[in-house]
Amino acid sequence: MSSGRLGRDFYARDTLKVARELLGKRLVRVIDGERLSGLIVETEAYIGEEDRACHASRGRTPRTEVMYGPPGHAYIYFIYGMYHCLNVVTDGVGFPAAVLIRGIQPEESVEYMRRNRRFPPEGELTNGPGKLCQALAIDRSLNGLDLCQSDLLFIEETRAVDPGEIEVTPRIGIRTDEIAKRRPWRFLLGGKV
DNA sequence: TATACGATCACCT
DNA sequence: GGTGATCGTATAC
């Protein structure tokens, strides 16, 4: 069964809808012609300058520029001096919003990923935003990449997900304010917590 | 120029 | 449950 790549229209929508519907889709990274991939099982939405947890809450800067651009591009940032996080830009041009990919279930080239992560314990290969970037060798050199065009990084259509499998919770690691902390903008697939 | 800190993780107790 | 690693950004001087 062939799987098509998600097109611009998928990303050019309401961010919460995109965050929810990215669950179950296949994130694909190609290195030296080899496919590394996994099914997306955890996402978080970051929406607009009013969202204090969103990097764009402090306005347009060189770092946040990508989020203001067209949907379907990768926003990758470096954090805590050692990790990278992968987001996909959503909604329309000029409105800063993105979905953070927080977890995937490894599928293709698992051994390659395990090597990248220096052979972690079972279940800890790609269960976090920093971890999955390390496993897939994603860093800021890929920032701004168009996931609708690039052959290095993209997301593929998969089977439909049963809405009953989706869990919604507040976002993780928010330290800005109580309102941002409470927003139920984290989505998980299959009872994963 | 200088400084404080973060959408994290690994390792410790 | 706590903390150190480690550095790009934003912001203040």
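Numbers restart at 1 for each chain; the letters A, B, ... are given by sequence-line order, proteins then strands. For the numbers below, each heavy atom of this structure counts, side chains included, while hydrogens, waters and symmetry mates do not.
- Taking the six-membered ring for Trp and the full ring otherwise, the centers of A:His55 and A:Tyr77 sit less than 6.0 Å from each other.
- Between the CD1 atom of A:Ile172 and the C1' atom of B:dT8 there is a distance of 12 Å, rounded to whole Å.
- Counted by atom type alone, A:Glu34 and A:Ser109 present one or more donor-acceptor pairs between their side chains at under 3.5 Å.
- Side-chain proximity of A:Met82 to C:dA10, B:dG6, C:dT6: nearest is C:dT6.
- Using a cutoff of 4.0 Å between basic side-chain nitrogens and carboxylate oxygens, A:Glu178 and A:Arg182 are scored as salt-bridged.
- Annotation: of the two residues near DNA chain C, A:Arg140 and A:Tyr80, the 5′-most nearest-nucleotide partner is A:Tyr80.
- For a distance-only test at 3.5 Å, the side chain of A:Tyr77 qualifies as a donor-acceptor partner of the base of B:dA7.
- To the nearest angstrom, C1' of B:dA10 lies 12 Å from CG of A:Asn127.
- Counting to the nearest Å, the P atom of C:dA10 and the CZ atom of A:Arg60 are 13 Å from each other.
- With B:dA10, C:dA10, B:dT8 as the choices, the nucleotide that has an atom nearest any side-chain atom of A:Pro62 turns out to be C:dA10.
- When rounded to the nearest whole Å, the span between CG of A:Leu188 and P of B:dA7 equals 19 Å.
- In this structure, A:Arg5 forms a cation-pi arrangement with A:Phe154, its terminal cationic atom sitting closer than 6.0 Å to the ring centre and no more than 45° off the ring axis.
- Both tests pass for A:Arg13 against the ring of A:Phe10: distance under 6.0 Å to the centre and angle within 45° of the axis.
- Regarding A:Ile79, its CD1 atom lies at a distance of 12 Å from the P atom of C:dT9, rounded to whole Å.
- Distance CD1 (A:Ile76) to P (B:dT8): 16 Å, rounded to an integer number of Å.
- Out of B:dA7, C:dC7, C:dA10, the shortest distance to the side chain of A:Arg63 is found at C:dA10.
- Counting any heavy atom pair closer than 4.0 Å across all strands shown, A:Arg117 reaches sugar-phosphate atoms only and no base atom.
- To the nearest angstrom, C1' of B:dA10 lies 15 Å from CG of A:Leu125.
- In this entry the distance linking CZ of A:Arg118 with P of B:dC9 reads 17 Å, nearest Å.
- Within the 4.0 Å cut-off from OP1 or OP2 of B:dT8, at least one side-chain nitrogen or oxygen of A:Arg102 is found.
- A cation-pi arrangement is not found for A:Arg29 relative to A:Tyr112, the charged atom failing to lie both closer than 6.0 Å to the ring centre and inside a 45° cone about the ring normal.
- Across all strands shown, nothing is found opposite B:dA7 as a Watson-Crick or G-U wobble partner with both distances under 3.5 Å.
- Comparing B:dC5 with C:dT3, their C1' atoms are spaced 16 Å from each other, to the whole Å.
- Contact check, A:His55 against B:dA7: a side-chain N or O comes under 4.0 Å of OP1 or OP2.
- Of the candidates C:dT11, C:dC7, B:dA7, the closest approach to any side-chain atom of A:Phe78 belongs to C:dC7.
- For A:Tyr83, the side-chain atoms get nearest to B:dC9 when compared with the rest of C:dT11, C:dT9, B:dC9.
- In this structure, A:Gly130 reaches the sugar-phosphate backbone alone: every heavy-atom distance under 4.0 Å involves primed, P, OP1 or OP2 atoms, never a base.
- Both thresholds, 5.5 Å between centres and 30° between ring planes, are met by A:Tyr46 relative to the base of B:dA7, so the two rings are stacked.
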